[in-house]
Asks: 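One structure is given below, represented as structure tokens, and several questions about it will come after.
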Amino acid sequence: MKQLNYHHLYYFYLVARQGSIAQAARLLHVTPQTVSGQLTTFESQLGQPLFDRVGKRLHLNGQGKQVYQYAEEIFQKGHQLLTLLQADSPHQATEFVVGLTDAIPKVLAYDFMHQVMRAHPEVRFVFKEERFDTLLSEMAINHIDMVLADRGAAPGTSVKVTSQLLGHSAVSFFARADIASELATDFPASLNRADILMPGIRSGIAMALANWLESEQLTPRRVAEFDDSALLKLFGAEGFGVFCAPSCIATHVEQQYSVQHIASIPGLTEQFYALTRQNQAEQPVIKEIINQASTLLAHQ
């Protein structure tokens, strides 16, 4: 079996990160010819090119992007190991990885986490935003300690996790000021003549919102659908349509996106969960995050 040459891998990593052989050479204090030669040798050993060469520019191809992702993780772990060995305390480099789904408002994640982070300066917190299924897969191989999501794991899922309901929030409608003033007088009937921005089907609130619109016999024009809740709000702020967000962050939404709150919908709620590996819920940091989040949502 071939052994990976980490010296060559590092040269490749710097070229990919810097975007050019010349800039990588400056960082390494060697000539561009040396870097080019090492890169050619590395590609030859792997048996395939990692860059598409367009003139004097290098662009990572599909295989190169995959190698770069692994290289980035390898050298990041190496840096963490060095930090751990040099630290005065063996606890200084403890890492806690939190996964966030696109549907979790960033300000809500901040509210859940910031006090716990201040209480544990010895812990390095890492936040990863990904699709729900991807986060569960990462948790299954111990790459993630906790997932904050707007839904729990489905019964019968192959990944053994515990879904802890943190609480729920009512759902409110928002829009740019001129649109909000038009819709407010006859809400929710006014939605029939409105453009609406919908959460993506992977969002925990998507089906409940669709069912509510149907039950109220409301047929707004669905302008767009978004998996990313922050992107949805940005389009709403620019007047592309009315949109929903949890009522518990209404003040933040109004201030951050310069929109107006129209109304909160009774009976339409969004739920929030913490997912952990089985038997991990009593881990101190996880327990504190769950308690903090549950307390905040209970007072909304």
Side-chain angles (χ1 to χ4, degrees), residues 69 73 76-77 80-81 83-84 89-169 171 199-208 227-230 245-246 248-249 269-300:
Q69 289 175 352
E73 185 172 348
Q76 183 182 56
K77 289 295 184 184
Q80 291 171 1
L81 175 59
T83 301
L84 176 64
S89 166
H91 301 295
Q92 187 169 338
T94 300
E95 186 174 273
F96 186 87
V97 183
V98 182
L100 301 171
T101 63
D102 290 337
I104 290 290
K106 305 304 178 291
V107 66
L108 199 56
Y110 172 80
D111 288 343
F112 290 171
M113 296 293 306
H114 71 94
Q115 289 190 12
V116 179
M117 291 176 66
R118 288 197 175 101
H120 291 276
E122 78 284 0
V123 177
R124 179 188 299 110
F125 289 86
V126 177
F127 293 87
K128 293 186 176 183
E129 187 172 7
E130 265 291 357
R131 293 179 55 175
F132 183 81
D133 292 341
T134 301
L135 292 173
L136 286 191
S137 298
E138 290 284 296
M139 179 176 283
I141 56 176
N142 297 330
H143 285 183
I144 290 179
D145 298 290
M146 166 184 275
V147 172
L148 296 174
D150 59 344
R151 56 189 167 116
T157 182
S158 58
V159 181
K160 295 181 178 180
V161 300
T162 299
S163 299
Q164 170 83 43
L165 177 63
L166 300 173
H168 56 80
S169 170
V171 173
I201 192 63
R202 296 201 300 265
S203 168
I205 194 60
M207 188 62 69
D227 286 333
D228 189 324
S229 62
C248 63
I249 61 168
T269 61
E270 188 160 7
Q271 297 180 325
F272 301 99
Y273 291 83
L275 285 72
T276 58
R277 294 190 297 275
Q278 289 186 344
N279 304 319
Q280 293 293 310
E282 293 302 310
Q283 182 181 332
V285 171
I286 290 177
K287 192 172 182 179
E288 289 176 40
I289 295 170
I290 290 174
N291 289 342
Q292 173 70 10
S294 299
T295 300
L296 282 170
L297 290 172
H299 289 86
Q300 299 300 327

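In what follows, residues are counted from 1 in the order of the sequence shown. Side chains included, hydrogens not; waters and symmetry mates left out as well; all remaining heavy atoms used.
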Asks: Is any side-chain heavy atom of V98 less than 4.5 Å from a side-chain heavy atom of K128?
Replies: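 Answer no - side chains too far apart.
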
Asks: Look only at the side chain of S203 and the backbone of A103, and say whether a donor-acceptor pair between them is shorter than 3.5 Å.
Replies: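 No, S203 side chain to A103 backbone: no donor-acceptor pair under 3.5 Å.
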
Asks: Applying side-chain hydrogen bond (donor to acceptor under 3.5 Å, both in side chains) as the test, list every pair that has at least one member in residues 104-115; sequence neighbours left out.
Replies: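 As it turns out, the side-chain hydrogen bond (donor to acceptor under 3.5 Å, both in side chains) pairs with a partner in residues 104-115, which skip direct neighbours, are K106-E129, H114-R118.
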
Asks: Could I get the full list of salt bridge (Lys or Arg N to Asp or Glu O under 4.0 Å) partners for D133, not counting sequence neighbours?
Replies: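 Scan of D133 (salt bridge (Lys or Arg N to Asp or Glu O under 4.0 Å), adjacent residues dropped) gives none.
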
Asks: One pair to check against side chain to side chain contact (heavy atoms under 4.5 Å, CB included): L166 and Y273. What are the steps and the verdict?
Replies: CA-CA 5 Å; L166 300 173; Y273 291 83; 5.5 Å; no

Asks: Output the distance between atom SG (C248) and atom CG (L296), rounded to the nearest 0.5 Å.
Replies: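 C248 SG to L296 CG: 9.0 Å, rounded to 0.5 Å.
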
Asks: Is there a donor-acceptor contact under 3.5 Å from the side chain of S229 to the main chain of A245?
Replies: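 A pair under 3.5 Å: no.
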
Asks: Where is the tightest heavy-atom contact between A206 and I201, given as atom of each residue plus distance?
Replies: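 Shortest heavy-atom contact: CB-CA, 4.0 Å.
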
Asks: Looking at V161, I286, I289, which hits side chain to side chain contact (heavy atoms under 4.5 Å, CB included) with T276?
Replies: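 Going through V161, I286, I289 one by one, the side chain to side chain contact (heavy atoms under 4.5 Å, CB included) with T276 is satisfied by I286 alone.
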
Asks: Not counting sequence neighbours, which residues clear side-chain hydrogen bond (donor to acceptor under 3.5 Å, both in side chains) with D227? List them please.
Replies: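 Expected list: R202.
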
Asks: Would you indicate whether the side-chain heavy atoms of L135 and T101 approach each other to under 4.5 Å?
Replies: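 A side-chain contact exists here, since the closest heavy-atom pair is under 4.5 Å.
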
Asks: Which side-chain N or O atoms in residues 139-149 pair as donor and acceptor under 3.5 Å with protein atoms at least two apart or in another chain?
Replies:
unit_1	atom_1	unit_2	atom_2	d
N142	OD1	R277	NE	3.1
H143	ND1	E138	OE1	3.4
D145	OD2	V97	N	2.8

Asks: Strictly distance-based, threshold 3.5 Å: is any side-chain N or O of S163 a donor or acceptor partner for the main-chain N or O of L275?
Replies: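 Not a single qualifying donor-acceptor pair exists.
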
Asks: Under the rule for side-chain hydrogen bond (donor to acceptor under 3.5 Å, both in side chains), what residues qualify as partners of Q292, not counting sequence neighbours?
Replies: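 Scan of Q292 (side-chain hydrogen bond (donor to acceptor under 3.5 Å, both in side chains), adjacent residues dropped) gives none.
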
Asks: Is there side-chain contact between D150 and Q271, with at least one heavy-atom pair below 4.5 Å?
Replies: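 Answer no - side chains too far apart.
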
Asks: Show, in sequence, the C-alpha distance, side-chain angles and deciding distance for E95 and V123, and conclude whether the side chain to side chain contact (heavy atoms under 4.5 Å, CB included) test is met.
Replies: CA-CA 6 Å; E95 186 174 273; V123 177; over 6 Å; no

Asks: Please round to the nearest 0.5 Å and tell me the distance separating atom CZ of F272 and atom OG of S294.
Replies: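 The OG atom of S294 is 12.0 Å from CZ of F272, to the nearest 0.5 Å.
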
Asks: To the nearest 0.5 angstrom, please state how far the CG atom of L297 sits from the CD atom of E270.
Replies: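 Here the interatomic distance stands at 10.5 Å.
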
Asks: Restricting to pairs with a member in residues 118-139, which pass ring pair (Phe, Tyr, Trp, His ring centres under 6.0 Å), not counting sequence neighbours?
Replies: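 Those involving residues 118-139 are F96-F125.
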
Asks: Only one of N291, V285, I290 passes side chain to side chain contact (heavy atoms under 4.5 Å, CB included) with K287; say which it is.
Replies: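 Considering N291, V285, I290, a side chain to side chain contact (heavy atoms under 4.5 Å, CB included) with K287 is found only for N291.
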
